[in-house]
**Student:** 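I have a structure I would like to understand better, so I am pasting it below and will then ask my questions one at a time.
Keep in mind it's a predicted model, so treat the numbers as computed, not measured. Throughout, a chain's letter reflects where its sequence line sits, starting with A, and its residues are numbered from 1.
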Amino acid sequence: MIRARFAPSPTGYLHIGSARTFIFNWLYTRKHKGTMVLRIDDTDRDRNTEASLKSIYDGLNWLALGWDEFYRQSDRLELHRKLAHDLLAKGLAYRDFKPAAAEYEEKAHGEGPWLCNPEMRALSPDESDRRAAAGEPFVIRFRVQREPVHEVKFNDEVYGPQSKLTADIEDFALLRSNSMPTYHLASCADDIDLRITHIIRGQDHLSNTFKHVLLFQAARAPLPHFAHLPLLIAPDGSKLSKRKHGPVVSVLTYRDSGFLPIAYINFLCLLGWSPKDNREQMSLYELESAFSFEGVNRSNAVVNFTDADPIDAKALWLNSQHLRTAPVRMLVPFVRQTLCGHGLQPYGDEAFFENVIDTIRSRFSTLLDFATKGRAYFSDDFEMDEKALEKLNAPGARQLLNELAERIANNSEFSEASVEAELRKLAAERGVKAGVLINASRAALTGQPVGPSAFAVFVCIGRDRVIERLRNV
RNA sequence: GGCGCUAUCGUCUAACGGUUAGGACGGAGCCCUCUCAAGGCUCAAAUAGGGGUUCGAUUCCCCUUAGCGCUACCA
């Protein structure tokens, strides 16, 4: 039984890279009928905030993929401490009484890597116990085996065989002087206790994994599978950060930009992974069945955005693809929600929505377009675009539209064909080009200079509103 | 500095030693057309550099360069 986990720390909004990690974990567990664990890594941290926890939930809920089990590390501190003390008792860890500030000094001056404080490492158990009992603060460090130097090895599902000399691994901290566990300790203790079989996470943890392997071995726990994912980076090659790159690094920005969750998921999957058969637009089911670590790339992927264009063009394209190919029924709630979110009270029932959406969706790329360019289809509360006004201002156009309104009102039939016949007849009688009248009516009915075939627009808007809008033009 | 990872069009990527180095986004153009999209077609655009190995390297090895990550009592 496969068990994987997504373990964000609530120190900010849900990051785009974290979202992808979550998605890959989810895809993998779903594909293998495994269990998806959501674990909030909130050990210590002055940086943890409820606001960011909420932001993570909001992002995850928007993705709407779900998870099977949930834990908070702050509820499990005793488990973490127990592992540290077990290792201490076995001599696999030791107390370091040197103040952090002093260590920092020493490390800063060193030429090579800092490995340990030899005096502390060599402290006898008795001496160590006595100083601890006397109330002296200490940090518990893992005792990395030095003699003989050996290689720590593991196989990464993405990066292949990995090895590192113990001579290059420092005696990392397990338990802080305030008795809070460090990330390494809490993470491994929980992964062991939760029987995690696959650790799928960002490549920034690849180097840390050697420490984790050491910890798993010291705890006599079976080694899980590791799969590290290439990082998502900014166009300048730097790490994506809110401070430097703004809101584009937050998942919620995409939600608020009118993305369909599936489109965003699809986009993220294509960053650092490929089905290798040239497919681009994929459904959740297709992603799930195609996903494998073999398809995961090893080099970092750039999220392509600029100040002027904060959303990756490919993401936008994928969104428009999903928008125009998704079953219309599935789109209705998204569109309705977007409209309401923009203060509109759209008229029309389910069938009306489906018809309108189906008519206009092929020229929209985000849900936001329904509230702006598509506004007039759902509400009488819309404004006339400047270019649309120009079309309306064509010589004689308004009068002809008024006249068209009367003809439609007097015709018992109301269909694309009947309206087209009526309009062309009127244009021919008055010696104007049909196109002028066609474009003017689109403008009058939708407030937009461009849009679907005008005759389809007539039917979409509906007979009563058509007459109303053409009369008052 | 030490250690680790990576390197194909501007971007996302395909090509498990032999291809005119493929696809997609974006860009340019054409067709279609009541406008705008969509759709169809065409074009420009890449193997970081240097050494090997091989009959043959994008592919395997080494070096250089560049980028990223780790090197915290952050995660």
Side-chain angles (χ1 to χ4, degrees), chain A residues 7-9 11 41-48 96 98-100 103-104 107 110-115 137-141 156 159-160 162-165 167-170 172-184 186-187 202-211 228 230-231 233 235-239 267 270-281 294 297-305 309 312-318 320 324 360-365 373 387-388 391 420 423-424 433-443 448-455:
Chain A
S9 63
T11 57
D41 278 10
D42 57 351
T43 56
D44 132 284
R45 308 327 313 270
D46 309 320
R47 286 154 55 203
N48 289 345
D96 179 348
K98 205 155 193 175
E103 264 168 23
Y104 183 79
K107 289 176 197 175
E111 296 265 303
W114 178 90
L115 289 177
F138 59 87
V139 43
I140 296 185
R141 291 187 180 283
D156 190 273
Y159 288 88
Q162 304 290 315
S163 69
K164 190 170 193 165
L165 263 17
D168 291 317
I169 302 173
E170 77 281 6
F172 53 98
L174 262 20
L175 211 57
R176 295 183 250 258
S177 52
N178 64 3
S179 89
M180 290 299 286
T182 62
Y183 162 74
H184 301 299
S187 179
Q203 189 243 44
D204 46 346
H205 285 299
L206 191 59
S207 311
N208 287 332
T209 305
F210 296 103
K211 294 173 190 166
H228 287 89
L231 267 19
I233 56 176
D236 64 0
S238 68
K239 198 165 150 178
F267 167 66
L270 261 19
L271 254 23
W273 172 82
S274 148
K276 296 191 186 286
D277 56 11
N278 284 343
R279 273 184 296 173
E280 303 267 12
Q281 187 197 346
E294 241 181 58
N297 235 40
R298 280 173 293 278
S299 52
N300 294 345
V302 171
V303 180
N304 206 8
F305 61 83
D309 238 328
D312 192 309
K314 192 145 192 175
L316 225 39
W317 174 77
L318 271 170
S320 66
R324 70 176 119 274
I360 59 181
R361 61 174 171 171
S362 77
R363 53 215 92 209
F364 289 174
S365 60
K373 294 189 260 179
K387 285 212 176 80
K391 305 213 175 193
E420 176 160 13
L423 185 147
R424 287 193 189 279
K433 283 174 148 178
V436 174
L437 200 45
I438 287 170
N439 289 332
S441 42
R442 184 187 296 100
Q448 292 290 310
V450 299
S453 157
F455 305 116

**Student:** Below 4.0 angstrom from OP1 or OP2 of B/C5, is there any side-chain N or O of A/Ser299?
**Tutor:** no

**Student:** Apply salt bridge (charged side-chain N to carboxylate O under 4.0 Å, His left out) to residues A/Asp312 and A/Lys314 and explain how you reach the verdict.
**Tutor:** CA-CA 5 Å; A/Asp312 192 309; A/Lys314 192 145 192 175; over 6 Å; no

**Student:** Whole angstroms only, please: what is the CZ-C1' distance between A/Phe267 and B/U13?
**Tutor:** 13 Å

**Student:** Pick base, sugar-phosphate or nothing for A/Gln162, based on heavy-atom distances below 4.0 Å to the nucleic acid.
**Tutor:** sugar-phosphate

**Student:** When all nucleic acid strands are considered with a 4.0 Å heavy-atom cut-off, which category describes A/Ala301: base, sugar-phosphate, or nothing?
**Tutor:** sugar-phosphate

**Student:** Contact class for A/Gly451 vs. all strands (heavy atom < 4.0 Å): base, sugar-phosphate, or nothing?
**Tutor:** base

**Student:** Within the pair A/Arg298 and B/A7, is there a side-chain N or O less than 4.0 Å away from OP1 or OP2?
**Tutor:** no

**Student:** From the set B/A75, B/U13, B/C70, return the single nucleotide nearest to any side-chain atom of A/His184.
**Tutor:** B/A75

**Student:** Indicate whether OP1 or OP2 belonging to B/U6 is found under 4.0 Å from a side-chain N or O atom of A/Gln203.
**Tutor:** no

**Student:** Would you please classify the geometry between the A/His184 ring and the A/Phe172 ring as parallel, tilted or perpendicular, with 30° and 60° separating the classes?
**Tutor:** perpendicular

**Student:** Can you tell me, in whole Å, how much space there is between the C1' of B/A48 and that of B/C68?
**Tutor:** 16 Å

**Student:** State which of B/U71, B/G4, B/A37 makes the closest approach to the side chain of A/Leu206.
**Tutor:** B/G4

**Student:** May I ask you to say what A/Phe455 touches in the nucleic acid, namely base, sugar-phosphate or nothing, with a heavy-atom cut-off under 4.0 Å?
**Tutor:** base

**Student:** Which of the following nucleotides, B/U11, B/A24, B/C34, is nearest to the side chain of A/Asn304?
**Tutor:** B/U11

**Student:** Pick the closest RNA chain B nucleotide for A/Asn439 and for A/Leu175 by heavy atoms, then say which residue is nearer the 5' end.
**Tutor:** A/Asn439

**Student:** Answer with base, sugar-phosphate or nothing: what part of the nucleic acid does A/Lys391 contact at a heavy-atom distance below 4.0 Å?
**Tutor:** sugar-phosphate

**Student:** Touch check for A/Arg324, heavy atoms < 4.0 angstrom, all strands: base, sugar-phosphate only, or nothing?
**Tutor:** sugar-phosphate

**Student:** In whole angstrom, give me the gap between the P atoms of B/A44 and B/G39.
**Tutor:** 22 Å

**Student:** Please measure how far the C1' atom in B/G23 lies from the corresponding atom in B/U35, and state the result in whole Å.
**Tutor:** 32 Å

**Student:** Would you mind telling me which of B/A37, B/G22, B/C73 lies closest to the side-chain atoms of A/Asn278?
**Tutor:** B/G22

**Student:** From the list B/G69, B/U35, B/C12, which nucleotide is the closest neighbour of the side chain of A/Leu271?
**Tutor:** B/C12

**Student:** Taking side-chain contact (heavy atoms from CB on, under 4.5 Å) as the test, write out the residues that go with A/Ser365, two or more places apart.
**Tutor:** A/Leu316, A/Ser320, A/Asp369

**Student:** Distance check needed: B/G4 C1' versus A/Asn300 CG, whole Å only.
**Tutor:** 13 Å

**Student:** Could you give the distance separating B/U59 and B/A21 at their C1' atoms, to the nearest angstrom?
**Tutor:** 12 Å

**Student:** Applying side-chain hydrogen bond (donor to acceptor under 3.5 Å, both in side chains), name anything that partners A/Ser362, two or more places apart in sequence or on another chain.
**Tutor:** none

**Student:** State the pairing partner of B/U65; accept Watson-Crick or G-U wobble contacts with both distances under 3.5 Å, and report none otherwise.
**Tutor:** B/A7

**Student:** Taking the side chain of A/Val450 as its heavy atoms from C-beta onward, which of B/A14, B/C34, B/U35 lies nearest to it?
**Tutor:** B/U35

**Student:** Pick base, sugar-phosphate or nothing for A/Ser453, based on heavy-atom distances below 4.0 Å to the nucleic acid.
**Tutor:** base

**Student:** Going through the checks in order, is the side-chain contact (heavy atoms from CB on, under 4.5 Å) test met by A/Arg424 and A/Ile438?
**Tutor:** CA-CA 9 Å; A/Arg424 287 193 189 279; A/Ile438 287 170; 4.2 Å; yes

**Student:** A/Tyr159 side chain: which of B/C5, B/G2, B/G23 is closest?
**Tutor:** B/C5

**Student:** Just checking A/Pro452: base, sugar-phosphate only, or nothing, at a heavy-atom cut-off of under 4.0 Å?
**Tutor:** base

**Student:** Tell me what A/Arg442 touches on the nucleic acid: a base, only sugar-phosphate, or nothing, going by heavy atoms under 4.0 Å.
**Tutor:** base

**Student:** Where each residue is assigned the nucleotide of RNA chain B containing its nearest heavy atom, which of A/Lys276 and A/Thr182 is assigned the position nearer the 5′ end?
**Tutor:** A/Lys276

**Student:** Mind checking the CZ-OG1 spacing from A/Arg141 to A/Thr182? Nearest 0.5 Å is all I need.
**Tutor:** 10.0 Å

**Student:** Applying side-chain hydrogen bond (donor to acceptor under 3.5 Å, both in side chains), can you list everything that pairs with A/Asn439, at least two apart in sequence or on another chain?
**Tutor:** A/Arg442

**Student:** Would a distance-only check, ignoring hydrogens and angles, find a side-chain to backbone donor-acceptor pair under 3.5 Å from A/Asp41 to A/Tyr183?
**Tutor:** no

**Student:** Please work out if A/Gly202 contacts a base, only the sugar-phosphate, or nothing of the nucleic acid, heavy-atom cut-off 4.0 Å.
**Tutor:** nothing

**Student:** Calculate the interatomic distance between A/Gln281 atom CD and B/A38 atom C1'; express it in whole Å.
**Tutor:** 13 Å

**Student:** Of the nucleotides B/C70, B/C5, B/C34, which has the atom closest to the A/Asn208 side chain?
**Tutor:** B/C70

**Student:** For B/C31 versus B/G22, give the span between their C1' atoms, rounded off to a whole number of Å.
**Tutor:** 25 Å

**Student:** Taking the same atom, P, in B/U58 and in B/A15, what whole-Å distance lies between them?
**Tutor:** 16 Å

**Student:** Can you name the residues that form a salt bridge (charged side-chain N to carboxylate O under 4.0 Å, His left out) with A/Lys391, not counting sequence neighbours?
**Tutor:** none

**Student:** Distances under 3.5 Å only, N/O to N/O: pair up the protein atoms with those of nucleotides 26-29 of chain B.
**Tutor:**
none

**Student:** Would you mind telling me which of B/U71, B/A75, B/G69 lies closest to the side-chain atoms of A/Lys211?
**Tutor:** B/U71

**Student:** If the cut-off is 4.0 Å, is A/Asn297 near the phosphate of B/A14, judged by side-chain N/O to OP1 or OP2?
**Tutor:** yes

**Student:** Expressed as a whole number of Å, how far does the C1' atom of B/A7 sit from that of B/U47?
**Tutor:** 10 Å

**Student:** Taking B/U13 as the reference, what is the distance to B/U71 when you measure between their C1' atoms (whole Å, please)?
**Tutor:** 33 Å

**Student:** Can you name the side-chain hydrogen bond (donor to acceptor under 3.5 Å, both in side chains) partners of A/Arg298, sequence neighbours left out?
**Tutor:** none

